[in-house]
Amino acid sequence: MEDDRAPPAAAAPAKESSSSSTCKDVPDLLSSFVDTFVDFSVSGGLFLLPQNDQNALPHHRNPGDDPLPSPPPLQTYYPPQDRLIAIGDLHGDLEKTKESLRLAKLIDPESGKWVGGSSTLVQIGDVFDRGGDELKILYYLEKLRREAARCGGTVITMHGNHEIMNVEGDFRFATHKGLDEFRRWADWYCIGNRMKSLCKGLEEPKDPFDGVPLGFENVKKEFVDGFRARIAALRPNGPISSRFLAKNLTVLVVGDSVFVHGGLLAAHVSYGLEKINAEVRDWVHGLKDRFAPEYCHGRNAVVWLRNFSHEFAEKCDCSALEHVLSTIPGAKRMIMGHTIQEFGINGVCEERAIRIDVGMSKGCINGLPEVLEINGNSGMRILTSNPLYQKKKYGSSVESERRPGPGFLPQEHGPKQVEVKA
C-alpha cells in the first residue's frame, strides 16, 4: 500500500518560510510597541496606536539624499458642517480644554472619549505656553481626531502665534512646568530609542539632541534640560513638531466662516490661503528656512493681527474686514482667537468679526470656558459654563447662552478686552 503523505523534506521549506516571515515582522512590532509605550508614558495614560501618516516625512536623512517632496496638500476649504464647535486659546490647561469639550457635548464626561458623532471641532491655536500640559493637550487632541474620524466627525487644529514662536525656539512664555513636561518627554523618548537600538533589524534611531547646544546664556542651570528638550522636540522636523504641528492649518474656511488665529488682510488673501497653509506646513517639516514665512511675523501677521480685536467696536477696522471677506467667495465672517475677551465671546463689525479667546487657561485670566457653535450656514450660539447665564437667549442673530445685555455686540462701555502680550 502506497504512502501518499508528503515526505518530511517537502514540508520543511514552508515551515521555514513562515518562521522567516514572522521574524521579519519582529523589528516593526518592537518599534510599534516602544512608540506606544513612550506615548502612554508621556501623555498621561493615552494609547495611540501607530498609524500611517500621509503628512509624515522621514527623520533619518543622509548627506546627499535627494530633496524630500512636499507632503500631500492640507485641506483649506470645507463645506458647511451640520454642527461646528470653535474653541479658542488653550495655553497648556488640559482641564479647561476638557471642560470646553464637555460643554460642547463632544466628549463623554467620564471617559473623555469622543461622543460628538459627525460634529466638527476647530481649535484655533495657542496650545503652547503659559501652562504645563502642552504635550498632554497635543496627545489628547490627536486621540480625539482619530476617534472622531471613526464616527464621521472631524477635528481641525490650527497654528497660533505661540506655535510659531515655539517651533522657532522662542520660549519666553514657557512655564517651569512646561519645561519639565518636555524634559520628561525627552527622558522617555531617549529610553525608547535605546530600546530600538537593541534590535538589529531597525535603523539606528536619530539622536533628537543632535546639534542642540549644551547650555544657554541667561538660562538657569535647573532649566537647561527643559530648554534642550523643548528645542529637540519642537524645532523644524523635530519629533513633536513634525508629528503633531505639521497637521495644523494656518487659515481655514468652513462654509461661510473664515478661521484664523490673529486675522487676515487683503494681502494675505491675494498671496493665497492654500499657499500659506502649504508653506507653513513645509517649514514645520524642516523643508524651508529656520524661521517661519514673513506673513507669520510682525503686527500684520496672520497669527498676530489685532485690527479686528479692539475692545471698542468703533476702533476695529471694519472696512478692511469687509474688503477681506469680499475677496473670499461666500465668506460672511472671520472667527479669531489671540486677544483675550474678558467678558466672553463677542462680535463686532455687524458680527462679521467674532472673537473667541476667553482667556480660559489658568496661565491667562482663568476665564470660564466658552465655545462657539455654528449649525450649517445658519445661526451661531455661545455655549458657556457660567451657571448664572445658562438658558438665557437674546435677540441677536447669534444666540447667547451667556450674559444679559442688549445683544451680542459689545457696547461702548461694555465687554472689556484684555491684551496679553505675545
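Computation of the quantities below employed the complete heavy-atom set of this structure, encompassing side-chain atoms and omitting hydrogens, waters and symmetry-equivalent molecules. The structure displayed is predicted, hence computed values, not measured ones.
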With side chain to side chain contact (heavy atoms under 4.5 Å, CB included) as the test, would you mind laying out the steps for T339 and D357 before giving the verdict? CA-CA 6 Å; T339 304; D357 177 11; 5.6 Å; no
Please tell me if the side chains of Y189 and I240 come closer than 4.5 Å, counting only heavy atoms from C-beta onward. no
Any side-chain to backbone donor/acceptor pair from D207 onto F209? Under 3.5 Å, distance only. yes
Near K362 NZ, under 6.0 Å, is it more than 12 heavy atoms from other residues, nucleotides or ligands? yes
Once ring pair (Phe, Tyr, Trp, His ring centres under 6.0 Å) is applied, do any residues pair with Y140, and if so which ones, sequence neighbours excluded? none
The complete set of side-chain hydrogen bond (donor to acceptor under 3.5 Å, both in side chains) pairs with one or both residues in residues 112-123, sequence neighbours excluded, reads Q81-T120
Are D129 and R230 ion-paired here, with the side-chain N under 4.0 Å from a carboxylate O? yes
So V280 and I164, side chain to side chain contact (heavy atoms under 4.5 Å, CB included) or not? Walk me through it. CA-CA 9 Å; V280 175; I164 301 300; 4.3 Å; yes
Side chain to side chain donor-acceptor pair (under 3.5 Å) filter on E147, not counting sequence neighbours, yields K143
Check for a donor-acceptor pair, side chain of S326 on one end and backbone N or O of H323 on the other, with a separation under 3.5 Å. yes
Here the gap from N346 atom CG to R355 atom CZ, rounded to the nearest 0.5 Å, amounts to 4.0 Å
Distance check, rounded to the nearest 0.5 Å: L264 atom CG versus M334 atom CE? 4.5 Å
Can any side-chain N or O of W304 pair as donor or acceptor with the backbone N or O of H297 at less than 3.5 Å? no
Just to verify, what does T157 make a side chain to side chain donor-acceptor pair (under 3.5 Å) with, not counting sequence neighbours? R145, N248
Set of residues satisfying side chain to side chain donor-acceptor pair (under 3.5 Å) with respect to R184, sequence neighbours excluded: D180
Give the ring-plane orientation class for F182 versus F128, where under 30° counts as parallel, over 60° as perpendicular and anything between as tilted. tilted
Using side-chain heavy atoms (C-beta onward) and a distance below 4.5 Å, is S197 in contact with E204? yes
Is there side-chain contact between I354 and I345, with at least one heavy-atom pair below 4.5 Å? yes
Are E279 and Y271 close enough that a side-chain donor and a side-chain acceptor fall under 3.5 Å? yes
Going through the distances and angles, do E163 and L234 end up as a side chain to side chain contact (heavy atoms under 4.5 Å, CB included)? CA-CA 9 Å; E163 278 71 41; L234 294 175; over 6 Å; no
Side-chain donor-acceptor distances from residues 35-45 under 3.5 Å, at least two apart:
from: D35; atom 1: OD1; to: K196; atom 2: NZ; distance (Å): 2.7
from: T36; atom 1: OG1; to: S32; atom 2: O; distance (Å): 2.9
from: D39; atom 1: OD1; to: Y139; atom 2: OH; distance (Å): 3.0
from: D39; atom 1: OD1; to: R243; atom 2: NH1; distance (Å): 2.8
from: D39; atom 1: OD2; to: R243; atom 2: NH1; distance (Å): 3.3
from: D39; atom 1: OD2; to: R243; atom 2: NH2; distance (Å): 2.8
from: S41; atom 1: OG; to: F37; atom 2: O; distance (Å): 2.9
from: S43; atom 1: OG; to: D39; atom 2: O; distance (Å): 2.7
from: S43; atom 1: OG; to: L46; atom 2: N; distance (Å): 3.0
from: S43; atom 1: OG; to: L46; atom 2: O; distance (Å): 3.4

Shortest non-hydrogen separation from D93 to I137 and the atoms involved: N-CD1, 3.5 Å
What are the two closest heavy atoms between C364 and I340, and how far apart are they? CB-CD1, 3.9 Å
Taking all heavy atoms of M336 and all of A353, pick out the closest pair and write down the distance. CE-CB, 3.7 Å
Is there a side-chain contact between L372 and V122 (heavy atoms, below 4.5 Å)? no
The criterion is ring pair (Phe, Tyr, Trp, His ring centres under 6.0 Å); which residues satisfy it with F171, sequence neighbours excluded? F227
Please confirm whether the backbone N or O of G131 pairs with a side-chain atom of T175, one donor and one acceptor, at under 3.5 Å? yes
K288 side, atom NZ; R281 side, atom CZ - distance, nearest 0.5 Å: 10.0 Å
Residue pair S257 / I374, side-chain heavy-atom distance below 4.5 Å: yes
Whether E142 and R146 form a salt bridge (side-chain N of Lys/Arg under 4.0 Å from carboxylate O of Asp/Glu) is what I want to check. yes
Would the distance check show the side chain of S100 and the main-chain N or O of P369 forming a donor-acceptor pair, the cut-off being under 3.5 Å? no
Is the count of non-hydrogen atoms from other residues, nucleotides or ligands lying under 6.0 Å from F33 atom CZ greater than 12? no
If we only count heavy atoms from C-beta on, is the N307 to L265 side-chain gap below 4.5 Å? yes
Show your working on side chain to side chain contact (heavy atoms under 4.5 Å, CB included) between T250 and V260 and close with a plain yes or no. CA-CA 6 Å; T250 307; V260 62; 5.7 Å; no
Show the nearest heavy-atom pair for residues V167 and P236, with the distance to one decimal. O-CD, 3.5 Å
Under a 4.5 Å cut-off applied to non-hydrogen side-chain atoms, are H159 and H261 in contact? no
For the CG atom of N161 and the CG atom of N166, what is their distance to the nearest 0.5 Å? 10.0 Å
Salt bridge (Lys or Arg N to Asp or Glu O under 4.0 Å) partners for E168, two or more places apart: none
Donor + acceptor pair across side chains of R130, S361 (<3.5 Å): no
Where do A229 and W185 come nearest, in terms of heavy atoms and distance? O-CZ3, 3.8 Å
So, the side chain of E322 versus the backbone of C349: is there a donor-acceptor pair under 3.5 Å, distance only? no
Rounded to the nearest 0.5 Å, the OG1 atom of T97 sits from the CG atom of L141 at a distance of 7.0 Å
Could you note down all residue pairs passing salt bridge (charged side-chain N to carboxylate O under 4.0 Å, His left out) where residues 75-86 supplies at least one of them, sequence neighbours left out? R83-E373
Using a cut-off of 6.0 Å, state whether more than 12 heavy atoms not belonging to E110 lie near its atom CD. no
Considering non-hydrogen atoms only, spot the tightest contact between V251 and I276 and give its length. CG2-CG2, 4.2 Å
By salt bridge (Lys or Arg N to Asp or Glu O under 4.0 Å) - contacts of D133 (at least two apart): none
Under a 4.5 Å cut-off applied to non-hydrogen side-chain atoms, are L138 and E134 in contact? no
Show me the pairs that pass side-chain hydrogen bond (donor to acceptor under 3.5 Å, both in side chains) and involve residues 209-221, at least two apart or across chains. none
Gap between atom CD1 of I335 and atom CD1 of I356 - 0.5 Å precision: 6.5 Å
By side chain to side chain donor-acceptor pair (under 3.5 Å), which residues pair with R102, not counting sequence neighbours? E95
